[in-house]
Enquirer: 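Structure provided below as C-alpha cells; questions to follow.
Excluded from the calculations below are hydrogen atoms, water molecules and symmetry mates; all remaining heavy atoms, backbone and side chain alike, are included. Whatever order the structure lists ligands and atoms in, that order sets their numbers, starting from 1.
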Amino acid sequence: MAATAAEHVLARTAANRGRVAICLTGGSSPRQLYQLLATESYRNRLPWHRVHWFVGDERFVSADDPLHNMAMARAAFLDRCAPAANIHPIPTADIDPADPDRAAALYQQELQSFYGADTLDSARPLFDLVLMGVGPDGHAASLFPGYPALDETAAWVVGVPRANVAPFVPRVTLTLPVLASCHEMLFEVAGVDKRAILARVFAGEDLPANRAHSAGQTIWLVDRAAMPENVGGR
Ligand code: 6PG
C-alpha cells in the first residue's frame with residue numbers, strides 16, 4: 001500500500017511542472033509511505049526543491065511528541081529530504097492550547113498566501129494531492145462526527161477544542177472545502193481494526209470520511225485486513 005501511495009505522490013508531482021503542494025495526514029497509516037519516500041529510489045525521483053508539504057490537521061502536543069503529525073512526517077522523511085522552507089507545519093508550538101483558533105488563523109493566512117488568494121477557485125486547486133486516513137469513529141483530518149467544524153464553509157482552517165478520540169487534546173484542522181480543493185485525495189486505510197468503521201463508511205453512512213472528497217479524484221487504498229466483507233472493487 002505504501003508503494004502504491006508513493007507512486008501516486010510521484011505521479012501527482014510529475015503532472016505539475018511548477019510548484020507542487022501536498023497535504024499530509026497524521027496517524028499511523030501514512031508512516032510507511034513517509035519512510036519509503038526517504039529511501040534512495042523514491043528520494044531520487046522527487047523534485048524536492050519544488051514540492052511544498054502541508055498537513056491536514058495537527059494536535060496540541062509538543063513538537064517532539066511522536067503524536068505530533070508534522071513531527072512524525074519530519075522524522076520519517078521531510079527533515080532528510082525537503083528544504084526547510086518547503087515544510088509548512090501548523091504553528092501550535094507558541095500558541096495557548098486553549099486558543100486553537102489562533103493557530104488555525106495563522107495557518108489559514110499561510111495557506112492563503114501560498115495560494116495567492118483568500119477564496120478558492122475551482123479551476124485552480126490549492127493542493128495537487130491530499131493524503132487522508134480514517135479514524136475509528138469515521139473522522140478524517142480532525143473533522144469528527146457531529147462537530148461544527150464539519151459544516152464550516154467560510155474558514156479554511158478551524159480550531160477543535162477537544163478531540164473525539166485519543167489523544168484528547170485540542171486540534172487544528174483544515175475544513176472540508178479546503179481539503180476538497182485538490183486534484184486528488186488519497187485515503188490509506190490498513191489493518192483489521194479499521195474493518196468495522198470501513199463497513200459503515202462504504203455503506204454510505206453520514207460520516208466525515210464520506211463527506212471528505214476531492215473536487216477532482218478521490219481514491220481509497222484499503223488493505224485486505226481492513227476490507228469489510230461483501231465489499232469489492234474499491
Ligand atoms: C489525526 C489524523 C487522522 C488520522 C486518522 C487515522 O491527526 O488524527 O490526521 O485523521 O488520519 O485518525 O489514524 P491512524 O492512521 O492512526 O489509524
Enquirer: Considering residues, nucleotides and ligands other than Arg124, do more than 12 of their heavy atoms fall under 6.0 Å from its CZ?
Expert: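 Yes, because the 6.0 Å sphere around CZ of Arg124 holds more than 12 heavy atoms from other groups.
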Enquirer: Could you please spell out the steps behind the side-chain contact (heavy atoms from CB on, under 4.5 Å) verdict for Ile22 and Thr13?
Expert: CA-CA 9 Å; Ile22 297 183; Thr13 305; 4.1 Å; yes
Enquirer: Would you mind listing which atoms of ligand 1 come within a distance below 4.0 Å of any non-hydrogen atom of Ala141?
Expert: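 This gives 3 (C), 10 (O) as the contact atoms.
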Enquirer: Using a 4.0 Å heavy-atom threshold (strictly under), name the region of Glu58 that reaches ligand 1: side chain, backbone, both or neither.
Expert: neither
Enquirer: Please determine whether any non-hydrogen atom of Glu188 lies less than 4.0 Å from an atom of ligand 1.
Expert: no
Enquirer: Between Arg211 and Asp151 (salt bridge meaning N to carboxylate O under 4.0 Å), is one present in this structure?
Expert: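 Between Asp151 and Arg211 there is a salt bridge, with a charged N closer than 4.0 Å to a carboxylate O.
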Enquirer: What residue and heavy atom of the protein are closest to atom 6 (C) of ligand 1, and at what distance?
Expert: Val134 O, 3.4 Å
Enquirer: Report yes or no: does Lys194 have a heavy atom closer than 4.0 Å to ligand 1?
Expert: yes
Enquirer: For the rings on Phe77 and Trp53, is their centre-to-centre separation under 6.0 Å?
Expert: yes
Enquirer: Given Val55, Asp57, Leu67, identify the one with the heavy atom nearest to atom 7 (O) of ligand 1.
Expert: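 Looking at heavy atoms only, Asp57 sits closest to atom 7 (O) of ligand 1.
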Enquirer: Taking all heavy atoms of Pro208 and all of Ala140, pick out the closest pair and write down the distance.
Expert: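 Closest pair (atom of Pro208, atom of Ala140, distance): CB-N, 4.0 Å.
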Enquirer: Considering the heavy atoms of Thr25, write down every atom of ligand 1 situated less than 4.0 Å from one of them.
Expert: 9 (O), 11 (O)
Enquirer: Does any N or O atom in Ser142 lie less than 3.5 angstrom from one in ligand 1, N or O only?
Expert: no
Enquirer: Going by the atom numbers of ligand 1, which of them fall below 4.0 Å from some non-hydrogen atom of Arg171?
Expert: 1 (C), 7 (O), 8 (O)
Enquirer: What protein heavy atom is closest to atom 14 (P) of ligand 1, reported as residue, atom name and distance in Å?
Expert: Ser28 N, 3.4 Å
Enquirer: Of the non-hydrogen atoms in Pro30 and Thr25, which two are nearest, and what is the gap between them?
Expert: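 The answer is CG-O, 3.6 Å.
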Enquirer: In the protein, which heavy atom is nearest to atom 15 (O) of ligand 1, and how far is it?
Expert: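 The closest one turns out to be Ser29 OG, 2.5 Å.
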Enquirer: Can you tell me which residue and heavy atom of the protein come closest to atom 8 (O) of ligand 1, and the distance to 0.1 Å?
Expert: Arg59 NH2, 2.8 Å
Enquirer: Check if Gly56 has a non-hydrogen atom at a distance under 4.0 Å from any atom of ligand 1.
Expert: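 Gly56: no contact with ligand 1 (<4.0 Å).
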Enquirer: Determine whether more than 12 heavy atoms belonging to other residues, nucleotides or ligands lie under 6.0 Å from atom CD of Gln35.
Expert: yes
Enquirer: Pull out every atom of ligand 1 sitting under 4.0 Å from any heavy atom of His139, numbered as shown with elements.
Expert: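 Checking each atom against His139, I get 3 (C), 5 (C), 8 (O), 10 (O), 12 (O).
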Enquirer: Check Arg12 with Asp128, please: is the shortest side-chain N to carboxylate O separation under 4.0 Å?
Expert: no
Enquirer: Using the test salt bridge (Lys or Arg N to Asp or Glu O under 4.0 Å), find all partners of Arg31 that sit at least two apart in sequence or belong to another chain.
Expert: none
Enquirer: When you look for heavy atoms under 4.0 Å from ligand 1, do you find them on the side chain of Asn69, its backbone, both, or neither?
Expert: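 Just the side chain.
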Enquirer: With nothing but distance in play, are any N or O atoms of Gly26 less than 3.5 Å from an N or O of ligand 1?
Expert: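 Among all N and O atoms of Gly26, at least one is under 3.5 Å from an N or O of ligand 1.
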Enquirer: Could you give all pairs that pass the salt bridge (charged side-chain N to carboxylate O under 4.0 Å, His left out) test and reach residues 61-76, with sequence neighbours left out?
Expert: Arg74-Asp79
Enquirer: Could you list which atoms of ligand 1 come closer than 4.0 Å to a heavy atom of Gly27?
Expert: 13 (O), 14 (P), 15 (O), 16 (O)
Enquirer: If you compare all heavy atoms of Asp57 against all heavy atoms of Gly26, which two are closest, and at what distance to 0.1 Å?
Expert: OD1-N, 4.2 Å
Enquirer: Once you restrict to heavy atoms under 4.0 Å, what part of Pro136 touches ligand 1? Side chain, backbone, both or neither.
Expert: neither
Enquirer: Judging by distance only, is a nitrogen or oxygen of Ala140 under 3.5 angstrom from one on ligand 1?
Expert: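 So ligand 1 has no N or O lying under 3.5 Å from an N or O of Ala140.
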Enquirer: Can you name the nearest heavy-atom pair linking Asp137 to His139, along with the distance?
Expert: OD1-ND1, 2.6 Å
Enquirer: Any atoms of ligand 1 less than 4.0 Å from a non-hydrogen atom of Gly133? List them with their elements.
Expert: 11 (O)
